[in-house]
Chemist: 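Take a look at this one; I'll ask things after.
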Amino acid sequence: MSMQGIILSVVILLFAYGIHYCWLLLPIINGYGAKYMCSSIFIVGYSERQQRTEDLDMFPMKYVTFTVNTNDLSVSASLFRFAQRKAIYRNGLGAILISELTEDQIHAQTFNKPISPDINQDNIPWSMDNKLDDDDCFPSNINQTLLQGAINNLFIERDPTKLIRTRAIVISYDVKLIAE
Ligand SMILES: *[C@@H]1O[C@H](CO)[C@@H](O)[C@H](O)[C@H]1NC(C)=O
């Protein structure tokens with residue numbers, strides 16, 4: 001085989017490998033995007049736009065096309081129209097990526113969902129529930145003003161090219177929730 005022939009063969013092999021590699025990667029990219037977007041929209045209550053400009057604002061996710069369907073509570077994702085993946089939200093169960101089971105099989109599944117207890121969770125102290133410690137129990141060895149300042153600092157965006165995007169902070173001390 002001539003030198004040109006060898007080089008051409010290598011180029012064709014690399015090209016074929018590249019296509020094969022992308023082919024394996026596409027369903028993962030789209031599946032990740034569909035599941036993430038489905039949870040964000042139907043569980044967290046984010047808008048598609050919000051999610052696109054925050055968590056999914058990265059390569060190659062920013063080129064994925066999302067289709068949000070508020071009728072069947074699903075999100076489909078595809079990169080350049082290839083390898084579309086779909087995730088569906090089920091009330092009380094969260095979002096699931098359609099993978100081994102079909103969509104009909106997933107919708108046909110039944111679960112005995114626990115019933116929420118009839119209590120106000122805001123009155124039960126952390127870590128069992130939501131209640132933050134009252135100010136009068138605040139540990140005396142911690143300066144609350146300084147702590148609050150430190151927390152506020154973590155929400156300040158100093159570098160527009162490296163956003164930190166802090167969503168929430170919870171400070172636990174001595175098995176107590178002291179700041180949130
Ligand atoms: C807490 O820190 C602030 C800021 O440094 C200071 O002004 C204040 O005196 C401190 N409070 C206590 C109780 O030490």
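Just follow the structure's listing: the first ligand is 1, and inside any ligand the first atom is 1.
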Chemist: Is the shortest side-chain heavy-atom distance between M61 and R52 below 4.5 Å?
Modeler: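 M61 vs R52: side chains apart.
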Chemist: Which label fits Y63 and F59: parallel for a plane angle under 30°, tilted from 30 to 60°, or perpendicular past 60°?
Modeler: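 Perpendicular: the ring planes of Y63 and F59 meet at over 60°.
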Chemist: Under 4.5 Å side-chain heavy-atom separation, chaining through any Ile, Leu, Val, Met, Phe, Trp or Tyr, what else clusters with F15? Say none if it is isolated.
Modeler: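 I19, listed by chain and number.
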Chemist: Collect the protein residues that have a non-hydrogen atom under 4.0 Å from ligand 1 and hand them over in chain and number order.
Modeler: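 For ligand 1, the contacting residues are N143, L146.
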Chemist: Please check this pair: side chain of R90 against backbone of I106, looking for a donor-acceptor N/O pair closer than 3.5 Å.
Modeler: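 At least one qualifying donor-acceptor pair exists.
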Chemist: Between F42 and Y89, how do the two ring planes meet: parallel, tilted or perpendicular, split at 30° and 60°?
Modeler: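 Correct class here is parallel.
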Chemist: With a 6.0 Å cut-off (strictly less than), is the heavy-atom count around CZ of R49, excluding the residue itself, greater than 12?
Modeler: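 Open.
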